[in-house]
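Notes follow the structure.
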Amino acid sequence: VQLQASGGGLVQAGGSLRLSCAASGRTFNTYGMGWFRQAPGKEREFVAVIRRSGGRYYADSVKGRFTISRDNAKNTVYLEMNSLKPEDTAVYYCAADPRGGSPASTMYEYWGQGTQVTVSS
């Protein structure tokens with residue numbers, strides 16, 4: 001599985017962005033899909049996951065502001081980000097977990113290249 005993330009950019013605090021992650025292959029619907037982020041000098045952290053069953057889980061820091069969704073017909077997972085804050089600034093990565101989807105980054109076998117999100121105050 002190859003993953004291509006896009007949609008990052010520079011936005012003011014309070015603004016919105018939608019990230020997309022396009023996957024190759026015909027088994028996309030069998031994967032749990034996650035979004036993670038890594039800010040400078042910090043470890044990679046979990047943001048959101050959508051399981052192959054459709055169940056969704058979010059980090060507490062983004063709950064109520066971010067929404068993860070998937071379109072299996074388009075082999076794409078999305079992350080809608082609203083009410084962005086400067087602390088959301090990071091490189092955002094999408095990832096695929098063949099075991100169904102987990103907040104644990106170690107469960108993911110495939111990773112996209114990352115897309116930069118910068119939120120100015």
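The figures here come from the full heavy-atom set of this structure, side chains too, leaving out hydrogens, waters and symmetry mates. Every value quoted in this text rests on a predicted model; they were computed, and no experiment measured them.
- Val49 and Val91 fall within a single hydrophobic cluster, where Ile, Leu, Val, Met, Phe, Trp and Tyr are joined by side-chain heavy atoms under 4.5 Å apart, directly or via other members.
- Residues Val47 and Tyr58 share a single hydrophobic cluster, defined by chaining ILVMFWY side chains whose heavy atoms lie under 4.5 Å apart.
- Across all non-hydrogen atoms, the minimal contact from Ala22 to Thr76 is CA-OG1, 4.1 Å.
- Between Ile68 and Ile50 the shortest heavy-atom distance is CD1-N, 3.6 Å.
- The heavy-atom pair separating Met107 from Ser102 by the smallest distance is CG-OG, 3.7 Å.
- At a threshold of 4.5 Å between non-hydrogen side-chain atoms, the residues Arg37 and Ser61 count as touching.
- Looking at Phe66 and Leu19, their side chains never come closer than 4.5 Å, going by heavy atoms from C-beta outward.
- When only modelled atom types and interatomic distance are considered, Gln116 and Thr118 share a side-chain donor-acceptor pair under 3.5 Å.
- The minimum heavy-atom distance linking Ala13 with Pro86 is given by the pair CB-CD, 4.1 Å.
- For the atom pair CG (Asp97) and CZ (Arg52), the distance works out to 8.0 Å, reported to the nearest 0.5 Å.
- Ring geometry for Phe36 versus Trp111: interplanar angle of 30 to 60°, hence tilted.
- In plain terms, the two heavy atoms of Cys21 and Met33 that are nearest each other are SG-CE, 4.4 Å.
- In Glu87, the CD atom is crowded: over 12 heavy atoms of neighbouring residues, nucleotides or ligands sit closer than 6.0 Å.
- Within the 4.5 Å cutoff, the side chain of Leu3 has no heavy atoms near those of the Tyr93 side chain.
- The pair Asp60-Lys63 meets the salt-bridge criterion, since a charged nitrogen lies less than 4.0 angstrom from a carboxylate oxygen.
- Checking side-chain atoms of Ser24 against main-chain N and O of Gln2 turns up a donor-acceptor pair under 3.5 Å.
- Between Asn29 atom CG and Asp71 atom CG the span is 11.5 Å, to the nearest 0.5 Å.
- Under the 6.0 Å distance and 45° angle rule, Arg70 counts as a cation-pi partner of Phe28.
- The closest side-chain heavy-atom distance from Met81 to Val62 is not below 4.5 Å.
- Across all their heavy atoms, Gly32 and Tyr108 have their closest contact at O-CE2, 4.0 Å.
- Residue Val117 is grouped with residue Val77 when hydrophobic side chains (ILVMFWY) are merged at heavy-atom distances under 4.5 angstrom, including chains of intermediate members.
- Every side chain to side chain contact (heavy atoms under 4.5 Å, CB included) that Ala5 has, sequence neighbours left out, goes to Trp35, Cys94, Gln113, Thr115.
- Judged purely by atom type and a 3.5 angstrom limit, Arg44 has no side-chain atom pairing as donor or acceptor with the backbone of Ser105.
- Put simply, the side chain of Val1 does not reach to within 4.5 Å of the side chain of Glu109, judged on heavy atoms.
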